[in-house]
Amino acid sequence: MLPAFSGFRRSALVARLAAAATVSGIAAAGVLSGAGTAVAEGISQAEGGATATINGLKTYGEAVVHEAGGEQRVAAGLFEMSVDGGGTLQTYCVDLHNPTQRDAHYQETPWSGTSLGTNKKAGKIRWILQNSYPQVNDLAALARKAGAGNLTEQDAAAGTQVAIWRYSDGAKVDAVDPQAEKLADYLEKSARDLAEPQASLTLDPPAVSGRPGDLLGPVTVHTNASGVAVSGPADAATTGVRIIDKTGKVMTTAKNGSRLYFDIPEDAADGTAQLTVQASTTVPTGRAFTSDSRSQTQILAGSSESTVSATASANWAAEGAIPAVSARKNCAKDGVDITASNSGDKPFTFELMGAEHTIPAGATRTVTVPLQEDQAYDFTITGPNGFAHRFTGVLDCKTQGAITTEQARIHNDPRPATIGGTTAPDTNLAATGGSAITPLIAGAAIGLVVIGGAVLVILRQREQRNDS
């Protein structure tokens, strides 16, 4: 039985229990949604390149993961993504134990911003991609090399994924189909180190600054496309800001190696502007794709002609500090690198995560913000004349631990898809590392709120009896 308390103490206890139940429910919901809200409202730093939405696991077979707690069966094969602006990508997973979120949005990302950045065997994964399905679509020839007899598309996809997992996650995993297993063994043993592929499209640096009347830049185009379209600020007719080359020619198109400048009128008020470049190209095999929704990291296996883009910003002022800032995930240092430059005549000082940083006039500094794995971040760097740049995202640099029993149940659940099929109309993307923990967390959150409500009812009834 609950002891009788004074009215004040009873009310305080009710308030504390209600608050505890509410906070616990919110905390669980926070785990469920991660940084979703913050990311949706913020401006996540972009590396440039392709952005796409994952559609599901399309061509796959079955594999067995050998863990300390036993063996778990998982679907293994090719995902498909729809590129923003047009195009289709095929990818494999390089993050076996992490959940894949349905309809997650992905961004082309350097290896340094993923678990591949600290994986000394990442180059072998690229070799596997270039020497197996779907890059090699002559399955008879591939089977002969692997001594695999006859390979179906499902076998080829499963064997390729299994070989990748052995290097990306260090997993003890085998393909269920004997032919797929022979392919996996052949790919694993034959793999050689290859360099990281270049981005489909980036601008370097992504932010510049200077004084009115100056040319701000250069911003260099890096792309595998034959050419890119260049778009200047939307309000260029009003501000007079132009995007030009070093000769003063207005740039509407550019190519790999082109150097672009922001031409700021001498009488322009302090302000900012942005340029965008866009192209249609095939994204290089081996490019990584990450999602700020914590959806598992993917690596590109094949690309149709796809839309890619990149942006760069400029900030200018007549006097004082004139900052330019950009951010990039750095998995080698378990954090986010903030690069800040100052083209002004006074120091630029900003506060970040409780620490103050000063960039002298004419200098550039890089500050690494340390973060925990899977930690969401959302911070804004401010400066003079209303300058503000917000960065949001999630640090996802490591492959996760063992598959849980509940995850294994979902892997084996025949309802999302039939193992060995080529398409899955309602594929549960947990099939290659997705987790059933989301509904468990949701249930826990609801349960905590219900428990809190029950406690309130009991205490209020007791309070009424004691007061009567």
Side-chain angles (χ1 to χ4, degrees), residues 43-53 81-91 105-113 195-210 214-237 239-264 272-290 300 302-316 324-328 339 341 389:
I43 303 173
S44 180
Q45 70 275 10
E47 303 286 355
T51 56
T53 300
M81 293 189 186
S82 296
V83 178
D84 298 345
T88 302
L89 307 177
Q90 291 177 301
T91 62
H105 197 247
Y106 279 79
Q107 168 73 48
E108 184 180 342
T109 305
W111 286 3
S112 61
E196 177 182 0
Q198 295 298 309
S200 60
L201 178 60
T202 59
L203 292 173
D204 182 37
V208 295
S209 62
D214 292 344
L215 297 183
L216 309 190
V219 175
T220 304
V221 178
H222 298 285
T223 183
N224 69 337
S226 58
V228 301
V230 179
S231 301
D235 58 353
T239 63
V241 175
R242 305 183 303 161
I243 307 302
I244 64 174
D245 66 7
K246 63 180 180 181
T247 69
K249 177 186 175 182
V250 174
M251 301 293 285
T252 57
T253 61
K255 60 182 180 179
N256 184 50
S258 293
R259 294 156 69 88
L260 308 177
Y261 297 83
F262 291 84
D263 180 22
I264 313 299
T272 62
Q274 188 175 78
L275 73 84
T276 301
V277 294
Q278 189 175 79
S280 181
T281 188
T282 55
V283 182
T285 300
R287 290 297 290 170
F289 280 79
T290 59
L300 188 70
S303 168
S304 71
E305 195 79 4
S306 298
T307 300
V308 297
S309 63
T311 60
S313 63
N315 176 47
W316 63 89
V325 296
S326 61
R328 173 176 289 194
T339 299
S341 63
H389 204 129

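No experiment lies behind these values; they were computed from the predicted model shown. Atom set for the values below is all heavy atoms of this structure, side chains included, hydrogens, waters and symmetry mates excluded. Residues: numbered from 1 along the sequence shown.
Across every non-hydrogen atom of P206 and S326, the tightest pair is CG-CB, 3.5 Å. For the pair R259 and P218, the tightest heavy-atom approach, listed with the atom from each and the gap, is NH2-CG, 3.4 Å. The shortest heavy-atom contact between F289 and M81 is CB-CE, 4.3 Å. Of all non-hydrogen atoms in S341 and S209, the two that sit nearest each other are OG-OG, 4.4 Å. The minimum heavy-atom distance between S200 and V308, with the atom names listed, is OG-CG1, 3.4 Å. Here the shortest heavy-atom pairing between V208 and P205 reads CG1-CG, 3.7 Å.
Using a 4.5 Å cut-off on side-chain heavy atoms (C-beta onward), E305 and T282 make contact.
In terms of the side chain to side chain donor-acceptor pair (under 3.5 Å) criterion, S112 has no residue partners (sequence neighbours excluded). Among residues two or more places apart in sequence or in another chain, the side chain to side chain donor-acceptor pair (under 3.5 Å) test is passed with S303 by none. With sequence neighbours excluded, the residues that form a side chain to side chain donor-acceptor pair (under 3.5 Å) with T285 are Q135. In terms of the side-chain contact (heavy atoms from CB on, under 4.5 Å) criterion, Q198 has no residue partners (sequence neighbours excluded). Taking A254 as the reference, V221, V228, V230, M251, S258, L260 meet the side-chain contact (heavy atoms from CB on, under 4.5 Å) condition, with sequence neighbours excluded.
With hydrogens and angles disregarded, no donor-acceptor distance shorter than 3.5 Å links the side chain of T88 to the backbone of S304. At least one donor-acceptor pair closer than 3.5 Å links the side chain of R287 to the backbone N or O of P197. Using a distance-only test at 3.5 Å, with no hydrogens or angles considered, no donor-acceptor pair links the side chain of W316 to the main chain of A273. Side-chain N or O atoms of Q107 include one that pairs as donor or acceptor with a backbone N or O of G48 at under 3.5 Å.
Taken to the nearest 0.5 Å, the OG1 atom of T247 stands 3.5 Å off from the CG atom of D245. Note: D84 CG to Y106 OH = 13.5 Å, rounded to the nearest 0.5 Å. Taken from CG in L215 to CZ in F262, the straight-line distance is 11.5 Å, to the nearest 0.5 Å.
Counting only residues at least two apart or in different chains, side chain to side chain donor-acceptor pair (under 3.5 Å) contacts with residues 217-234 comprise N224-T281.
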May I have the step-by-step check of side-chain contact (heavy atoms from CB on, under 4.5 Å) for E108 and L201, ending in yes or no? CA-CA 10 Å; E108 184 180 342; L201 178 60; over 6 Å; no
